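Residues: numbered from 1 along the sequence shown. Everything numeric here is computed off the predicted structure, so don't read it as measured data.
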Amino acid sequence: MAHADDVPPAHESFSLASASPAETRRINVYTPPGYATSARRFPVLYMPDGGLQEDFPHLARALDEGIRAGEIQPLILVGIENTERRRDMTGPTAVADDRKIAPRVGGSATFRAFIAKQLVPEIQKRYRADAHRGVIGESLAGLFAIESLLHEPALFDTVIAISPSLWWNDAGIVRDAPALLRSLPAASRHLFLTSADEENIAPNVAAFDRALRAAKPPGLVWTYVPRPEQRHDTIYRASERAALRWAYPASRAGDDDPAR
């Protein structure tokens, strides 16, 4: 979540009515240096937890600093402010204790449909976006990112999952990973994984990494960077710039590969 001293770089905000569920979403958009004077198109990185009182400020600042330092390729960041976070970031669960974390859970497929069917077209209409889409998330938003890779792989070609809550539904996504990874369509994709010292997260992320190494999905390039010296409340800020450098290196800017 945002700190009191977080001041995001110049950005724009707009509201978008969601058809399902019927509500209004606040969207925050960072465009890279030179965007206004350029005619080129840019990759788009979508982020749940993207409100101005959430993680948008520090991630936008890290991205802006990395672009200006020549470490990260220019890209557009789209922050999606939460309405019901635990509803939107979680899939179905058979675990009774999971269902106690919020009045409603299990809505990740609906949230993903909002992104795919409403938000992506709106961003493409408003901004010079190219064909490359990524997603970044931490904790439950990291779970959402991994779930998106496995269940709707065409939506994002780049996934950054920081301490993803793979414990959800008794680690069901980890158990299902071998079969889902084997059926992943061949395409150029990038996945950055990291975890902190969390007892309920780090072992599951390590198990997911083992499933990746066993399956070796064609076209998927990934890295797993354990950070046991970090805590759950420090891992996002500690990892974001390195994750962005790995996933969007400046050397890849302008790459014409259709999946990059």
> Please round to the nearest 0.5 Å and tell me the distance separating atom NE2 of His151 and atom CD1 of Ile146.
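CD1 of Ile146 is found 11.0 Å from NE2 of His151.
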> When hydrophobic residues are tied together by side-chain contacts of less than 4.5 Å, even through go-betweens, does Leu75 share a cluster with Val78?
no
> List in chain and number order the residues that pass salt bridge (charged side-chain N to carboxylate O under 4.0 Å, His left out) with Arg182, two or more places apart in sequence or in another chain; answer none if no residue qualifies.
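Counting only residues at least two positions away or on another chain, Arg182 forms no salt bridge (charged side-chain N to carboxylate O under 4.0 Å, His left out).
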> Calculate, to the nearest 0.5 Å, the distance between atoms CG and CG belonging to Leu166 and Leu193 respectively.
8.0 Å
> Tell me every residue that passes salt bridge (charged side-chain N to carboxylate O under 4.0 Å, His left out) with Glu229, counting only those two or more places apart in sequence or in another chain.
Arg227
> Taking Gly50's backbone N and O only, do any of them form a donor-acceptor pair with Asp55's side chain (distance below 3.5 Å, no angle check)?
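Pair absent, no side-chain N/O of Asp55 close to backbone of Gly50.
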> Please round to the nearest 0.5 Å and tell me the distance separating atom CD1 of Ile162 and atom CD of Glu240.
7.0 Å
> Look up atom CG in Leu181 and atom CG in Leu150, then write down how far apart they are to the nearest 0.5 Å.
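The CG atom of Leu150 is 5.5 Å from CG of Leu181, to the nearest 0.5 Å.
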> Once ring-ring contact (aromatic ring centres under 6.0 Å, His included) is applied, what residue pairs with a partner in residues 216-240 remain, sequence neighbours excluded?
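For residues 216-240, and leaving out neighbouring residues, the ring-ring contact (aromatic ring centres under 6.0 Å, His included) pairs sorted by first residue read His58-Tyr236.
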> Are the side chain of Asn28 and the backbone N or O of Ser13 linked by a donor-acceptor pair below 3.5 Å?
no
> Less than 3.5 Å apart, any donor N or O on the side chain of Asp49 or Asn82 sitting next to an acceptor on the other?
yes
> Quick check: is Phe208 connected to Ile235 through a chain of hydrophobic side chains (ILVMFWY, heavy atoms under 4.5 Å apart)?
no
> Taking only Lys NZ, Arg NE, NH1 and NH2, and the carboxylate oxygens of Asp or Glu, determine whether Asp97 and Lys100 approach each other closer than 4.0 Å.
yes
> Ala154: which residues meet the side-chain contact (heavy atoms from CB on, under 4.5 Å) condition with it, sequence neighbours left out?
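Not a single residue meets the side-chain contact (heavy atoms from CB on, under 4.5 Å) criterion with Ala154.
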> How would you list all residue pairs meeting ring-ring contact (aromatic ring centres under 6.0 Å, His included) that involve residues 67-124, not counting sequence neighbours?
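Non-adjacent pairs meeting ring-ring contact (aromatic ring centres under 6.0 Å, His included): Phe111-Phe144.
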> Under the ring-ring contact (aromatic ring centres under 6.0 Å, His included) definition, can you give me all pairs with a residue in residues 61-104, not counting sequence neighbours?
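The answer is none; no pair qualifies.
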> Using 4.0 Å as the upper bound for N to carboxylate O, is an ion pair formed by Arg112 and Glu147?
yes
> Can you list everything that forms a side chain to side chain donor-acceptor pair (under 3.5 Å) with Thr83? Sequence neighbours excluded, please.
Glu23, Arg25, Arg87
> Does one side chain, of Gln230 or Thr234, offer a donor that lies under 3.5 Å from an acceptor on the other?
yes
> My understanding is that only residues two or more places apart in sequence, or in another chain, count here; which of them pass side-chain contact (heavy atoms from CB on, under 4.5 Å) with Asn200?
Trp167, Glu198
> Quick one: list whatever passes salt bridge (charged side-chain N to carboxylate O under 4.0 Å, His left out) with Asp197, sequence neighbours left out.
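With neighbours one apart ignored, the set is empty.
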> Could you name each residue pair satisfying ring-ring contact (aromatic ring centres under 6.0 Å, His included) that touches residues 8-35, not counting sequence neighbours?
His11-Phe56, Tyr35-Phe42
> Counting only N and O atoms by type, is there a donor-acceptor contact under 3.5 Å from the side chain of Trp168 to the main-chain atoms of Asp98?
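Side chain of Trp168 to backbone of Asp98, a donor-acceptor pair under 3.5 Å: no, none is there.
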> Just by distance, do the side chain of Arg26 and the backbone of Gly51 share a donor-acceptor pair under 3.5 Å?
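No, because the side chain of Arg26 does not come within donor-acceptor range (under 3.5 Å) of the backbone of Gly51.
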> Please name all residues satisfying side-chain contact (heavy atoms from CB on, under 4.5 Å) with Thr223, sequence neighbours left out, ordered by chain then number.
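Counting only residues at least two positions away or on another chain, Thr223 forms a side-chain contact (heavy atoms from CB on, under 4.5 Å) with Phe192, Val225, Trp246.
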> Looking only at side-chain N and O atoms, does Glu122 offer a donor or acceptor that is under 3.5 Å from a partner on Tyr127?
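Result is no, nothing qualifies.
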> Does Glu12 come within less than 4.0 Å of Arg126, counting only side-chain N to carboxylate O?
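No, no charged N to carboxylate O under 4.0 Å.
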> Which residues pass the side chain to side chain donor-acceptor pair (under 3.5 Å) test with Arg86, sequence neighbours left out?
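Testing Arg86 for side chain to side chain donor-acceptor pair (under 3.5 Å), a comparison that skips the adjacent residues, returns none.
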